[in-house]
*Asks:* 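Here you go, one structure.
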Amino acid sequence: KNDDYVFGNVPLHSEALNGYEICQVKYQYRPDGGTEWIDVLNGISHDPQGWGVTWSTLDLPDGKYCLRAVATDCSNNVDLNPRTICVHVANTLPTVVMDDPRQCSRTCPDDTVDTLGYVGGTVELYATPTSPSAPVYKVQFYVKSIYDYPTDWRWIGTDYFPTNGKYTVKWKTKHESDGRYQVIARVYTASNISNDENGRYNDSAPITVSVDNSGPFAQIISIDGNSYPDRMDITMGKVINIELVAIDSTSSDGWTRCY
């Protein structure tokens, strides 16, 4: 219909009040503002059940185009004033970039896992979409565990109204088990794209985070340089050096964080 956003192979149909008199309908298009009508390839229909054809927009630049259906009756009379509608061709997919939600990137001297960063509690997720050919309709956020392969993406939340160009939701990580996850943002273009009831979408690059909502415990790893301090004799009143490491108490893979 008029002012729709379309892409790919677009079905075209028309209605005729005096269809029994019509022998064919020819579809034509032109860029908005153009003067020359171009025949739709294989765009002549002899089928009175909707007079349907398919318009391929794949080789057209994105933009606004006008369409018309020119009817010819069985006496070879041509409609000289056919109705015109205009639509937006939007073959270019939108893109979206997600802000990194990781809260820290400390590097352990003996374990690089900390470079993944940890999150916990309620995490605000942000994403910035770009859509050159159709308006952005919404941005949704998804999460999945990287351990349970294959794992379907699970919906976190949806934002329809950006603030300063960014879409955001709150991810309550307390509903997740401690572990590693990937999060993405998914941008959808305008929902009135006529040949895709769900709209077109594209995903951001995934970001891997480590969810940790459990408190660590401290473990002594040396006393005065002795790495095996069990049953070590300590003189009362002597100043000693104790080296500690905080270890996540619940993770399945024994993450170690350095402090």
Side-chain angles (χ1 to χ4, degrees), residues 1-16 19 22-72 79 82-98 127-142 144 150 152-156 158-162 165 167 182 184-206:
K1 59 182 183 294
N2 198 55
D3 216 32
D4 258 3
Y5 288 85
V6 300
F7 67 94
N9 295 316
V10 183
L12 301 178
H13 300 277
S14 58
E15 294 182 2
I22 294 177
C23 286
Q24 71 172 36
V25 173
K26 178 169 66 175
Y27 293 87
Q28 297 178 315
Y29 70 94
R30 69 182 182 192
D32 186 39
T35 57
E36 297 294 328
W37 289 99
I38 303 167
D39 292 343
V40 171
L41 184 64
N42 298 320
I44 296 178
S45 174
H46 299 278
D47 182 3
Q49 301 300 317
W51 304 102
V53 300
T54 298
W55 176 36
S56 175
T57 68
L58 295 173
D59 294 327
L60 298 177
D62 288 351
K64 190 174 183 179
Y65 292 81
C66 295
L67 287 161
R68 69 179 187 178
V70 182
T72 301
D79 183 359
R83 180 189 173 194
T84 298
I85 66 169
C86 292
V87 298
H88 305 269
V89 171
N91 282 309
T92 302
L93 281 171
T95 59
V96 60
V97 177
M98 188 173 174
T128 304
T130 301
S131 181
S133 56
V136 171
Y137 172 47
K138 63 184 176 182
V139 174
Q140 294 184 324
F141 295 82
Y142 292 86
K144 71 175 180 178
D152 292 332
W153 290 105
R154 291 183 287 109
W155 175 79
I156 298 173
T158 303
D159 189 10
Y160 293 90
F161 306 105
Y167 291 74
Q182 288 186 329
I184 61 167
R186 177 172 293 173
V187 55
Y188 287 81
T189 51
S191 59
N192 69 330
I193 292 183
S194 61
N195 54 328
D196 185 351
E197 62 181 12
N198 296 315
R200 306 195 80 193
Y201 70 85
N202 203 3
D203 291 343
S204 68

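Just so you know, residue 1 is the first one in the sequence shown, and it goes up from there.
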*Asks:* Working to the nearest 0.5 angstrom, can you tell me the gap between T189 OG1 and N202 CG?
*Replies:* 10.0 Å

*Asks:* Counting only N and O atoms by type, is there a donor-acceptor contact under 3.5 Å from the side chain of T54 to the main-chain atoms of P11?
*Replies:* no

*Asks:* Within the structure provided, determine whether V136 and V187 are in side-chain contact (heavy-atom separation under 4.5 Å).
*Replies:* yes

*Asks:* Do Y167 and T128 have side-chain atoms, one donor and one acceptor, less than 3.5 Å apart?
*Replies:* no

*Asks:* If I take atom NE2 from residue H13 and atom CD from residue Q49, how far apart are they, to the nearest 0.5 angstrom?
*Replies:* 11.5 Å

*Asks:* Determine yes or no for a side-chain-to-main-chain donor-acceptor pair under 3.5 angstrom, with T57 supplying the side chain and G8 the backbone.
*Replies:* yes

*Asks:* What are the two closest non-hydrogen atoms of A90 and A134, and how far apart are they?
*Replies:* CB-CB, 4.0 Å

*Asks:* Does the side chain of K26 come within less than 4.5 Å of T72's, by heavy atoms?
*Replies:* no

*Asks:* Report yes if the side chains of C86 and C66 come closer than 4.5 Å at any heavy-atom pair, otherwise no.
*Replies:* yes

*Asks:* A side-chain contact here means heavy atoms from C-beta on lying under 4.5 Å apart; do T84 and W37 qualify?
*Replies:* yes

*Asks:* Under 4.5 Å between any side-chain heavy atoms of V97 and S204, yes or no?
*Replies:* no

*Asks:* Test of understanding: with side-chain contact (heavy atoms from CB on, under 4.5 Å), list the residues that count as partners of D62, not counting sequence neighbours.
*Replies:* V89, N91, T92, S133

*Asks:* Does any part of the side chain of R200, heavy atoms only, come nearer than 4.5 Å to the side chain of Y5, both counted from C-beta?
*Replies:* no

*Asks:* Report the distance from atom OG1 of T95 to atom CG of D203, rounding to the nearest 0.5 Å.
*Replies:* 11.5 Å

*Asks:* Would you indicate whether D39, at its atom CG, is surrounded by more than 12 heavy atoms from other residues, nucleotides or ligands within a distance under 6.0 Å?
*Replies:* yes

*Asks:* Looking at every heavy atom in both V87 and V6, which two are closest together, and how far apart are they?
*Replies:* CG2-CG2, 4.1 Å

*Asks:* What distance do E15 atom CD and R83 atom CZ have between them, rounded to the nearest 0.5 Å?
*Replies:* 9.5 Å

*Asks:* Just verifying a value: how many Å separate H46 NE2 and Q24 CD, rounded to the nearest 0.5 Å?
*Replies:* 5.0 Å

*Asks:* Would you check if there is a donor-acceptor pair between the side chains of D3 and H88 at a distance under 3.5 Å?
*Replies:* yes

*Asks:* If I compare all heavy atoms of A185 with all of M98, which pair ends up nearest, and what's the gap?
*Replies:* N-SD, 3.8 Å

*Asks:* Mind checking what makes ring pair (Phe, Tyr, Trp, His ring centres under 6.0 Å) contact with Y29, not counting sequence neighbours?
*Replies:* W55

*Asks:* Indicate whether the side chain of Q140 and that of R186 have a donor and an acceptor atom separated by less than 3.5 Å.
*Replies:* no

*Asks:* Is it true that Y137 and Y188 have ring centroids separated by less than 6.0 Å?
*Replies:* no

*Asks:* Does any non-hydrogen side-chain atom of V10 lie less than 4.5 Å from one of L12?
*Replies:* yes

*Asks:* Of all the heavy-atom pairs spanning L60 and S56, show the shortest one and how long it is.
*Replies:* CD1-O, 4.5 Å

*Asks:* Start with the C-alpha gap between L67 and Y27, add the side-chain angles, then the distance that decides, and say whether side chain to side chain contact (heavy atoms under 4.5 Å, CB included) holds.
*Replies:* CA-CA 7 Å; L67 287 161; Y27 293 87; 5.8 Å; no

*Asks:* Do R154's NZ or CZ and the ring of Y142 fall within the cation-pi criteria of under 6.0 Å and 45°?
*Replies:* no

*Asks:* How close do C23 and W51 get, heavy atom to heavy atom, and via which atoms?
*Replies:* O-CZ3, 4.0 Å

*Asks:* Do P82 and V70 come within less than 4.5 Å of each other through their side chains, counting heavy atoms only?
*Replies:* yes

